[in-house]
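Report on the structure given below.
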Amino acid sequence: MSAPSIGQLSPLPRSFYARDARVVARELLGKVLVRREGRALLAGRIVEAEAYLGAIDPGAHAYRGRTPRNAVLFGAPGHAYVYFIYGNHYCTNVSCQPVGEAGCVLLRALEPVCGIAAMAALRGLALPANPRPSQLRLLTSGPGRLSQALGISREHDNGCNFCSRRSGLYIVDDGSAAGEILATPRINVTSAPLDEWRFVVIGNTFVSGKRPH
DNA sequence: TTATAGATTGCCT
DNA sequence: GGCAATCTATAAT
């Protein structure tokens, strides 16, 4: 009996996401985000994530109630919330908590696992045959970068079902442990600077920022 | 109707 | 380290 490859593993079930976003964010570290584009398989291990809640979290898009942009957050958990930020970038979230509670987890950094050449193409980067770690970081170290590296857009992916393999975008558990986890304040969330709802894998090269922790 | 800030990134000095 | 790019949501006229 051999270990199944990434592409054969089943998506995490909806019950995984139907919990407090802070718990989900922490537990998503070490899991693998999978993207299918036709025959191509792109995948990366989640090494940084942030939790956003609803009515009690001034840093969250859902804080002021439902709008066309954030409607996905008020539906069933386990769906993609993709938004366009600063006129330049997409950010990828997974909705959490039971129906009616608007929590989500922002995916902020991945360690590439599968499809590195395709990711580089989507990012518009020319990687050498043996890229240095500092060059690989440019693929998926940051929420806008990882979204671009996996070809994720609001037009195509907002609202898609993270619990279905057929959606082409989902998360699996390949059995490996995340390692030691650190909680910190969220990046660029000035309205709630004291909440330590950003979770990172300590020492992982792909955590975003110059000094990751 | 206009102004401004924002869950970012890349290029410039 | 500074700042431009440039879309969206919300606040201010």
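Computed from a predicted structure; not experimentally measured. In what follows, chains carry the letters A, B, and so on, assigned in the order in which the sequence lines appear, proteins first and then strands, with residues in each chain numbered from 1.
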Got a sec, which residues hit salt bridge (Lys or Arg N to Asp or Glu O under 4.0 Å) with [X], two or more places apart in sequence or on another chain?
X        : answer
A:Arg45  : A:Asp174
A:Glu27  : A:Arg19
A:Asp195 : none
A:Arg26  : none

Using a side-chain heavy atom cutoff under 4.5 Å and only I, L, V, M, F, W and Y, what cluster partners does A:Leu73 have?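 Cluster partners of A:Leu73: A:Tyr52, A:Val72, A:Phe74, A:Tyr81, A:Tyr83, A:Ile85, A:Tyr86, A:Leu106, A:Val189.
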
Stems where DNA chain C pairs, listed by first number, each of three or more Watson-Crick or G-U pairs under 3.5 Å: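 Stems (3+ consecutive pairs) listed as B:1-6 with C:7-12, B:8-12 with C:1-5.
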
Residue pairs involving residues 112-136 of chain A (criterion side-chain hydrogen bond (donor to acceptor under 3.5 Å, both in side chains); sequence neighbours excluded):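 Those involving residues 112-136 of chain A are A:Arg123-A:Gln148.
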
Partner residues of A:Tyr63 under the ring pair (Phe, Tyr, Trp, His ring centres under 6.0 Å) criterion, sequence neighbours left out: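 Scan of A:Tyr63 (ring pair (Phe, Tyr, Trp, His ring centres under 6.0 Å), adjacent residues dropped) gives none.
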
Give me the distance, rounded to whole Å, that separates C:dG1 from B:dA7 when you measure between the C1' atoms they each carry.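 Those two atoms are separated by 22 Å.
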
Pair listing, ring pair (Phe, Tyr, Trp, His ring centres under 6.0 Å) test, anchored in residues 174-210 of chain A, at least two apart: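 Ring pair (Phe, Tyr, Trp, His ring centres under 6.0 Å) check on residues 174-210 of chain A returns no pairs.
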
For the side chain of A:Arg108 and the backbone of A:Arg186, is there at least one donor-acceptor N/O pair under 3.5 Å apart?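 A pair under 3.5 Å: no.
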
B/S/- along nucleotides 1-13 of chain B (protein heavy atoms under 4.0 Å) is -----BBBSS---

Chain A on DNA chain C: first and last contacting nucleotide, 5' to 3', under 4.0 Å to a heavy atom?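 Nucleotide range in contact with chain A: C:dA5 to C:dA11.
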
Pair up each side-chain donor or acceptor in residues 109-120 of chain A with any protein partner under 3.5 Å, not counting sequence neighbours, and list the distances.
| unit_1 | atom_1 | unit_2 | atom_2 | d |
| --- | --- | --- | --- | --- |
| A:Glu111 | OE1 | A:Asn204 | ND2 | 2.9 |

